[in-house]
Amino acid sequence: MLQMSAKSKKATQAQAETLAKKVEHFTKIEIECLIQTFNVLQAEQVGRGKATHGLDRWTFRGILQNIFGLTNAMMIDGVFRSFDKDGDGIINVEEWIEGLSVLLRGTLDEKIKHCFQVYDLNDDKVIAREEICHMLKQSLLKQPNEEDPDEAIKDVVEITMKRMDHDHDGLLSFKDFEKSVQKENLLLEAFGTCLPDPTVILQIIGCHKFLPDVLNLIHFFFLSFRVLRSLSTLYFKSNKNKETTHIHVHLQIYHE
Ligand SMILES: [Ca+2]
Ligand SMILES: [Ca+2]
């Protein structure tokens, strides 16, 4: 259990206050929770002798796989890129909060930006045919069928380009992608799952009652069964007082 000294509690509150001005989808209390989770994750990582100034790929991949149910390695790498705004190979606390804000509560525009970044594998600001091919191959490998996958992929790529390449230059620019998704929302994750699926998350927990908000799962993951049990008791006691109370409960447990 994470013990917080009065000093580190103050530091977290100050950090949360600064971040709350930048990130519009989380309250200050929620940001505090997420900073604490970040600190727990980082401490575990340091315990394994890894990076000390943020979350590395390995830690981050674990979160995406276990909490958000993402399975495709290429998509997971893409989500890492989308979070790692300064491209230093580490997710710092600010990148963590901003990234989760898009993943959990992002607007369509924010999600379009996120998905485009994930799908732009070589980060040259356009999605090329080869990139689409590569991504679709990864998805198809997981669901092999009897037809020739290469032929099927080629067909899909051509159909996709016809549908999404609005300026007909043979590449999907951000504008092409944005326009296509705005017209047809299902195209948001056209080349692979890179956003959390709420139903997968529900399966992980196996109990809808525990889920007032997806972000709480991150806490569940790191709590022992004993704590989970006391957490659920506390939650049911405070169930009538909406989400904020629930998050307070998490904080109380962290501080115990
Ligand atoms: Ca970074
Ligand atoms: Ca590209």
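Just so you know, these numbers come straight off a predicted model, no measurement behind them. Just the heavy atoms: all of them, side chains too, but no hydrogens, waters or symmetry mates, feed the values below.
- A side-chain contact (heavy atoms from CB on, under 4.5 Å) with F191 is found for one member of N72, T160, V157 and no other, namely T160.
- Placement of L103 and M74 within a single hydrophobic cluster is found when ILVMFWY residues are connected by side-chain heavy-atom separations under 4.5 Å, directly or transitively.
- At least one donor-acceptor pair closer than 3.5 Å links the side chain of Y119 to the backbone N or O of G192.
- Ion pairing of R57 with D77 is present here, as a side-chain N (NZ or NE/NH1/NH2) and a carboxylate O approach within less than 4.0 Å.
- Side-chain polar atoms of H25 and E110 form a donor-acceptor pair below 3.5 angstrom.
- Under the 4.5 Å side-chain criterion, counting only non-hydrogen atoms from C-beta, L70 is not in contact with P196.
- L121 is not listed as a side-chain neighbour of I127, based on a closest heavy-atom distance of 4.5 Å or more.
- K85 NZ: more than 12 foreign heavy atoms inside a 6.0 Å radius.
- Looking only at side-chain heavy atoms (C-beta outward), D176 and F116 stay at 4.5 Å or farther from each other.
- Connectivity analysis of hydrophobic side chains (ILVMFWY, heavy atoms under 4.5 Å, direct or indirect) links V126 to L171.
- Salt-bridge check for E30 with R105: passed, with a basic side-chain N closer than 4.0 Å to an acidic carboxylate O.
- Salt-bridge annotation for D167 and K175: absent, with no side-chain N of the basic residue lying under 4.0 Å from a carboxylate O of the acidic one.
- At distances below 3.5 Å, at least one donor-acceptor pair connects side-chain atoms of E189 with backbone N or O atoms of C194.
- The backbone N or O of I97 lies less than 3.5 Å from no partner atom in the side chain of S101, so there is not a single donor-acceptor pair.
- When side chains are defined from C-beta on, V93 counts as touching Q15, because their heavy atoms get closer than 4.5 Å.
- Judged purely by atom type and a 3.5 angstrom limit, Q65 has no side-chain atom pairing as donor or acceptor with the backbone of T71.
- No donor-acceptor distance shorter than 3.5 angstrom exists from the side chain of D165 to the backbone of L172, with no hydrogens or angles considered.
- Here K111 does not pair with D109 in a salt bridge; the nearest charged N to carboxylate O distance is not below 4.0 Å.
- Between the OG1 atom in T18 and the CD atom in Q13 there is a gap of 12.0 Å [rounded to 0.5 Å].
- Side-chain atoms of E95 never come within 3.5 Å of backbone atoms of D84 as a donor-acceptor pair (strictly under, hydrogens ignored).
- Residues E94 and K22 have side chains in contact (heavy-atom distance under 4.5 Å, counting atoms from C-beta outward).
- Using a 4.5 Å heavy-atom threshold, the side chains of S173 and K125 count as separate.
- Using a 4.5 Å cut-off on side-chain heavy atoms (C-beta onward), L41 and T37 make contact.
- The environment of NZ in K183 is sparse: at most 12 heavy-atom neighbours from other residues, nucleotides or ligands sit within 6.0 Å.
- Counting only N and O atoms by type, the side chains of E32 and T12 include no donor and acceptor under 3.5 Å apart.
- Classified by interplanar angle (parallel below 30°, tilted 30° to 60°, perpendicular above 60°), the ring pair F83/H114 is perpendicular.
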